[in-house]
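Some notes on the structure that comes next.
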Amino acid sequence: MSAVCPLCNQTFSQANIESHASSCNGENQDKSTANGSNKRKFGNDVSASPKSSKIAALFPAKKQKVDLKPEETVVVVQPPESKASKQLLQPTKQPSAPLAERMRPSDFSNYSGQVSSLGAGSMLRSLLSSTTSIPSLILWGPPGCGKTSLANIIASNSKGNAKFVKMSACVCGVAEVREVVKQAKTELSMFKRKTILFMDEVHRFNKSQQDSFLPHIESGTITFIGATTENPSFSLNNALLSRCRVITLEKLDKKAVMEILERALKKEGITIGKGDGVSTADGVGVSIANDAVEYLATVVDGDARAALNNLEMVVSTAKCEDGTKHITVSEVATAVARASIAYDKTGDQHYHMASALQKSIRGGDDSAALYWLGRMLRGGEDPTFIARRLVRCASEDVGLGDNQALPLAVAAMQGSQLLGKPECDVLLAQCAVYLARARKSHEVYQALGEVYSAIDSPGEGSLPGVPLHLRSGGGKVG
């Protein structure tokens, strides 16, 4: 009887097959078998050869390795997708996210504030509710007024019709913007779907970086939505402003912040008013007094994000304590600090309050002048800048009405430079009150303005030369 070696396909007797198999490496094939079309492949089933059952038993390890290796590779490299793995890929609001992020509205029915510009029935609200004709926008407003929430509503309304990409100028640059534009072109050409690019804190981009948006906004590749807390007239390119519509969002009033807080408390299962609270999911009953909610809405100065962060902090503190907890206004006042004074030495507040100080002096309101002076000093303004404004007021607004005002203002400026902060505050306050109470005269200021107008618009002919009797030397020749 004979047997065929499964490695080299040679035929051996039954007595010699075992000794051959122990030394065979598959290279002792005959030429006809090696070059023929019926060449056997490694790992093929050997059951077709004679005595296959006996021969297979001689090579259990090799056959097991050949059969299992592809199967193991499939299991490790390409695991089957499950419903759970698909759900993880979908963007959802995680429970670990801050309360302010979890409370972002997805439609205008839950959007509080901005009644004048985005109220029910307004043309702008109808435009933003559209899913096909959203224009490029610049959202300008203070922190916590609803800029990002408005962009979130636009993203929700345009779902299925446009791709929404959210970016922040604090952590990305032009390279990331170019990548988004590249993908937007693909979306538009292949799927006929536009891309909405939301850039938060867009004022962080310099002028050249802002230019990277211009050709793509103009061509319609992307719909641009930028959010900024700085005045767009100063922080953004005129070319970018001409391609976008600027929406000014005001600071939220107390009523709007109260609505947001009450909605958050309802969602978190916390009762408002007197009582022992209700049982929450974690077994801790928490309630909050009405005046405590009102206090939270008052101290944040129109910042809804700060209000929600403060609410989350006091509720988390109450849940950490044993038993039922009722949050009172005194506990909230102890835990929550009043919002810091909104002031930026190089931004809008810098110029707004300087203008308020000068106009209060011009109007003769000494109390208002002292108030705005205090706001500037508490905000960290440079006393030298304030002193220079007071010197200007002494000449422009008081002028010839009180000739002692200018020397007093100059003395206050010099004294502030010598004393420095904080001792110079009284000097500036004395000067501001004196200028507000002094008799006003704009005679010199107005006359100088007329002179400038006559020089800038000389009328027919050119500006006249200096008459001879007014020239140096009295007009004498030689």
Side-chain angles (χ1 to χ4, degrees), residues 83-84 86-115 118 120 143-157 159 166 251-339:
K83 293 183 179 180
K86 292 181 179 180
Q87 291 176 355
L88 292 176
L89 300 177
Q90 299 176 356
T92 55
K93 295 182 179 179
Q94 300 295 333
S96 59
L99 179 61
E101 183 65 25
R102 302 197 306 269
M103 288 303 301
R104 290 199 183 280
S106 57
D107 52 58
F108 279 109
S109 62
N110 293 325
Y111 189 79
S112 300
Q114 314 303 335
V115 179
L118 296 171
C145 68
K147 300 184 295 297
T148 307
S149 296
L150 182 58
N152 192 59
I153 293 175
I154 295 175
S156 179
N157 292 338
K159 188 176 297 183
K166 183 178 180 181
K251 181 173 63 175
L252 296 179
D253 55 14
K254 181 179 176 181
K255 179 181 178 182
V257 179
M258 285 283 292
E259 291 177 358
I260 295 172
L261 291 176
E262 291 172 356
R263 192 181 304 121
L265 290 169
K266 181 179 180 181
K267 184 176 181 180
E268 294 296 311
I270 300 172
T271 57
I272 305 175
K274 297 181 179 180
D276 296 331
V278 295
S279 297
T280 57
D282 52 7
V284 180
V286 178
S287 62
I288 186 170
N290 285 316
D291 52 356
V293 180
E294 186 175 356
Y295 181 84
L296 284 171
T298 304
V299 298
V300 295
D301 194 27
D303 189 341
R305 185 186 293 106
L308 290 171
N309 290 339
N310 290 337
L311 176 63
E312 185 177 24
M313 180 182 64
V314 297
V315 170
S316 299
T317 303
K319 288 183 178 181
C320 292
E321 300 182 5
D322 297 334
T324 302
K325 180 64 178 176
H326 181 69
I327 304 173
T328 62
V329 64
S330 59
E331 294 171 340
V332 172
T334 303
V336 177
R338 183 173 290 274

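The existence of a salt bridge linking E268 and R102 is confirmed by a sub-4.0 Å separation between a basic side-chain nitrogen and an acidic carboxylate oxygen.
Nearest heavy atoms, I327 versus A292: O-CB, 4.2 Å. Summarising the geometry of V293 relative to L261, their closest heavy-atom pair is O-CD1, 3.7 Å, with the distance given to 0.1 Å. When all heavy atoms are compared, the tightest approach of P105 to Y111 is CG-CD1, 4.1 Å. Taking each heavy atom of S112 and R263 in turn, the nearest pair found is OG-NH2, 3.0 Å. In terms of heavy atoms, H326 sits closest to S287 at ND1-OG, 2.6 Å.
Between E331 and K325, some side-chain heavy-atom pair lies under the 4.5 Å cut-off. Between L296 and I288, some side-chain heavy-atom pair lies under the 4.5 Å cut-off. At least one side-chain heavy atom of R104 sits less than 4.5 Å from a side-chain heavy atom of S149. In this structure the side chain of K254 reaches within 4.5 angstrom of the side chain of T298, judged on heavy atoms. Here the side chains of Q114 and L252 are in contact, with some heavy-atom distance below 4.5 Å.
If you take CG on L150 and CZ on F108, they are separated by 5.5 Å, rounding to the nearest 0.5 Å. Distance OG/S109 to CD1/I153: 8.0 Å, rounded to 0.5 Å. K251 contributes atom NZ, which lies 4.0 Å from atom CG of D301 (distance to the nearest 0.5 angstrom). Atoms CD and CD1, on E294 and I272 in that order, are 12.0 Å from each other to the nearest 0.5 Å. Here the OG1-CG distance, from T271 to L265, works out to 9.0 Å after rounding to the nearest 0.5 Å. Atom NZ of K267 is separated from atom CG of L99 by 8.0 Å, given to the nearest 0.5 angstrom.
Between the side chains of T148 and R305, not a single donor N or O lies within less than 3.5 Å of an accepting N or O.
No side-chain donor-acceptor contact under 3.5 Å links S156 to the backbone of N152.
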